[in-house]
Every structure is written in structure tokens, then in C-alpha cells.
Amino acid sequence: MSIPPERKMPVSGRAVEDLAFYRTEPVSFVRRGNRLQGRRADAWERTAQKYIIEPPREQADTSVAEGYQFDQEAIYGRKAPLIVEIGSGLGEAMAYAASEHRDKDFLAVEVYRPGLAALMVRVENNELTNVRAVQANAPEVLDSMLPAASADEVWIFFSDPWHKIRHHKRRLIKDSFVKKLERVLVPGGVVRLATDWSNYAEQMREVFDAADAFTSLHPGELAGEDSNLTKVRRLGLEKDEKDPEFIDERGGWAPRFEGRTLTSFEGKALKAGRMIFDLAYRKAL
Ligand SMILES: C[S@@+](CC[C@H](N)C(=O)[O-])C[C@H]1O[C@@H](n2cnc3c(N)ncnc32)[C@H](O)[C@@H]1O
């Protein structure tokens with residue numbers, strides 16, 4: 001049966017028939033336009049050839065064809081530790097970190113082209129030569145594009161929380177995704193996470209604590225009265241019912257990662273009175 005043109009869209013595998021799916025899993029993003037204007041369009045024009053990796057695609061413009069592999073040394077022209085940021089948004093965290101650590105290589109993985117173009121504006125403004133970016137669906141980048149044991153760190157800051165229970169299956173951080181992270185990280189490699197949504201923070205803690213390959217860098221820390229989870233629940237900060245008796249005995253939250261600059265997304269969350277949860281896990285040696 002042929003697929004109607006309006007459904008032959010930009011996500012791979014099963015998504016050809018159903019846009020909300022990548023192979024057998026629902027995708028963690030909604031499609032937004034690729035259109036670039038003004039400074040972003042100009043920066044894209046000048047930088048894309050050098051800094052944007054264009055893997056062969058399958059059915060979709062965010063897919064990565066199986067068999068394509070990222071050759072870090074050839075791409076950056078040197079051998080250096082690799083930091084991958086998934087869902088880099090407007091590139092604020094990456095541009096800051098890359099300018100602070102010019103001895104490291106950074107790879108942004110983001111489906112939103114205007115976000116990558118905003119990163120390219122920062123790359124030019126800060127004269128960064130250690131940043132590359134790919135417009136692609138993260139699970140596919142982790143499954144096939146990145147070689148096994150190639151990333152020293154993977155950062156995922158403010159991954160879309162998919163608030164409604166029926167949408168939780170779209171969340172990126174789940175058991176199957178943790179397996180993919182395990183594959184691409186070097187032994188001893190680190191995953192850093194941040195979220196402003198307590199229910200997703202609990203899910204992140206749950207799946208990483210249950211993963212044999214990972215150990216928390218901050219077991220039991222920021223528990224009880226010091227836990228942001230305790231504060232959110234007791235004060236009813238997320239519009240749920242207040243629970244004055246609630247206590248998060250378990251903790252395991254990381255202090256704010258000092259390498260994470262305040263992005264506009266986090267700024268808005270703080271302004272709205274939300275609490276931020278940081279987590280950090282190390283892959284076994
Ligand atoms: C809430 S924003 C946060 C952006 C940024 N990390 C920040 O802190 O400002 C989440 C980002 O993840 C991207 N994203 C969601 N699912 C993705 C996926 N499967 N692959 C790549 N990027 C994804 C979205 O396009 C969006 O830009």
C-alpha cells in the first residue's frame with residue numbers, strides 16, 4: 001500500500017506509517033519547521049559545510065542510515081575527549097562549555113534546525129573549532145552513528161518531560177535508552193542529566209539506579225529536607241496537591257553541574273518557581 005505524501009514524513013522506521021514512532025518506539029519530539037531567518041540563516045550558510053554533520057538518511061530527514069559511523073578524529077582533525085549533548089536546544093550550554101574547554105570535542109545532537117543554527121551563531125561569535133552538530137533523532141545517533149565506547153560524557157539537559165501520563169512513553173530517559181548510552185560511553189564515562197520536572201527526575205533516578213552498568217556519582221546525597229523533591233511535594237510547586245508530610249529519604253541528586261551554564265529554558269523554569277534536579281551517573285570501568 002502506498003503511503004500518502006502527507007504522512008511520508010521525517011522520522012524513520014515505523015514512522016513512515018505513523019509519525020509518532022521511531023521503529024517500535026514513540027519519538028520524544030514533535031516536528032517543528034526547518035526554516036531559518038536573519039543571523040541564523042547567515043551563520044548556517046557560512047558554517048554548515050564545516051560544522052554540521054550530514055549523515056546518510058533513511059526515510060526521514062532526522063534519521064541516520066544504518067552503517068554510517070562518526071569518525072571523530074577525521075571530523076575534528078585531532079584526538080580529544082568527546083562530549084555529546086543530546087537535545088542541545090539553542091546551543092547555550094554547549095557553546096559555553098566548548099569555549100571553556102577548547103581541549104575537548106563537542107557534538108550537539110538536536111532535531112530542531114533553528115536551534116542548531118543558533119548554536120552556529122555562537123560558534124562563530126566565540127570562534128569555536130571544537131564543536132560539531134547533527135540534526136538527528138538521538139536514539140538513532142546512539143544506535144548506529146556513534147561507535148561503541150566513543151563518548152567520554154553524554155549530557156541531556158531539560159529533556160522534554162511529556163507531562164501527561166499517556167505521553168510518558170515518549171520520554172527519552174527509559175531503560176532502552178540507558179542501554180544505548182551504555183554502548184557509546186567509554187568505560188568510566190559519565191552521563192549528566194538535569195530536569196525541572198520532579199516526576200521525570202524520579203523516573204531518571206529510577207532507571208539509572210536500576211541499570212547494572214551505571215553507578216550514581218552522588219548516592220544518597222541531597223536527601224530528606226535537602227532534597228528538591230521534598231520541597232516540590234511539600235510546597236505543591238508543580239500544581240499538584242501539597243503533601244506536608246512528604247520526605248524524599250532516598251536522595252541521590254547531584255549538585256548543580258558547574259559546567260552547565262544557565263540557559264534561557266532553565267531561566268524561565270526558575271522564574272516560574274520550579275526546582276531543578278541534577279543527576280550524574282558513571283558507567284562501570
Ligand atoms: C526542552 S528543550 C531543552 C533544550 C536545552 N537542552 C536547554 O536546556 O535549553 C529539549 C530539546 O530536545 C530536543 N529533542 C527532543 N527529542 C530529541 C531527540 N529524540 N533527538 C534529538 N533532540 C531531541 C528538542 O528539539 C528540544 O530542543
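Just so you know, ligand 1 is whichever comes first in the structure, and atom 1 is the first atom listed for that ligand. This structure is a prediction, so every number in the text was calculated from the model and none was measured.
- When only non-hydrogen protein atoms are considered, atom 3 (C) of ligand 1 lies nearest to F158 O, 3.3 Å.
- The proximity of E266 to ligand 1, defined as any non-hydrogen pair under 4.0 Å, does not occur for either the backbone or the side chain.
- The shortest N or O to N or O distance between Y112 and ligand 1 is not under 3.5 Å.
- Summary of contacts: the protein heavy atom closest to atom 21 (C) of ligand 1 is A136 O, 3.4 Å.
- Between the side chain of S63 and the backbone N or O of E58 there is at least one donor-acceptor pair closer than 3.5 Å.
- Taking the six-membered ring where the residue is Trp, the centroids of H163 and W197 are separated by under 6.0 Å.
- Within the 4.5 Å cutoff, side-chain heavy atoms of T47 are placed close to those of E124.
- Protein heavy atom at the shortest distance from atom 7 (C) of ligand 1 is T263 OG1, 3.8 Å.
- Taking every non-hydrogen atom of F157 and a distance limit under 4.0 Å, the qualifying atoms of ligand 1 come out as 3 (C), 5 (C), 6 (N), 8 (O).
- Atom 22 (N) of ligand 1 has its closest protein heavy atom at V111 N, 3.5 Å.
- The shortest N/O to N/O separation between S159 and ligand 1 does not fall below 3.5 Å.
- Which parts of ligand 1 touch A138 is read off a 4.0 Å heavy-atom cut-off, strictly below it: atoms 18 (C), 19 (N), 20 (N), 21 (C).
- Protein heavy atom at the shortest distance from atom 15 (C) of ligand 1 is D160 OD2, 3.2 Å.
- Of all protein heavy atoms, the one closest to atom 16 (N) of ligand 1 is S28 OG, 2.8 Å.
- Under 4.0 angstrom from ligand 1, there are no non-hydrogen atoms of A194.
- No side-chain donor-acceptor contact under 3.5 Å links E221 to the backbone of G251.
- Using a 4.5 Å heavy-atom threshold, the side chains of V141 and D143 count as separate.
- Classified by interplanar angle (parallel below 30°, tilted 30° to 60°, perpendicular above 60°), the ring pair F257/F157 is tilted.
- Taking only nitrogen or oxygen atoms, main chain and side chain alike, F265 does not reach within less than 3.5 Å of ligand 1.
- A donor-acceptor contact shorter than 3.5 Å links the side chain of D243 to the backbone of E245.
- Note: F208 and Y281 have parallel aromatic rings, judged against thresholds of 30 and 60 degrees for the angle between ring planes.
- A distance-only check finds no donor-acceptor pair linking the side chain of N137 to the backbone of E140 [under 3.5 Å].
- Of all protein heavy atoms, the one closest to atom 27 (O) of ligand 1 is E110 OE1, 2.8 Å.
- The protein non-hydrogen atom at the shortest distance from atom 5 (C) of ligand 1 is G87 O, 3.4 Å.
- Listed by atom number, the atoms of ligand 1 under 4.0 Å from F29 heavy atoms are 15 (C), 16 (N), 17 (C), 18 (C), 19 (N).
- No donor-acceptor pair under 3.5 Å is formed between the side chain of T263 and the backbone N or O of A93.
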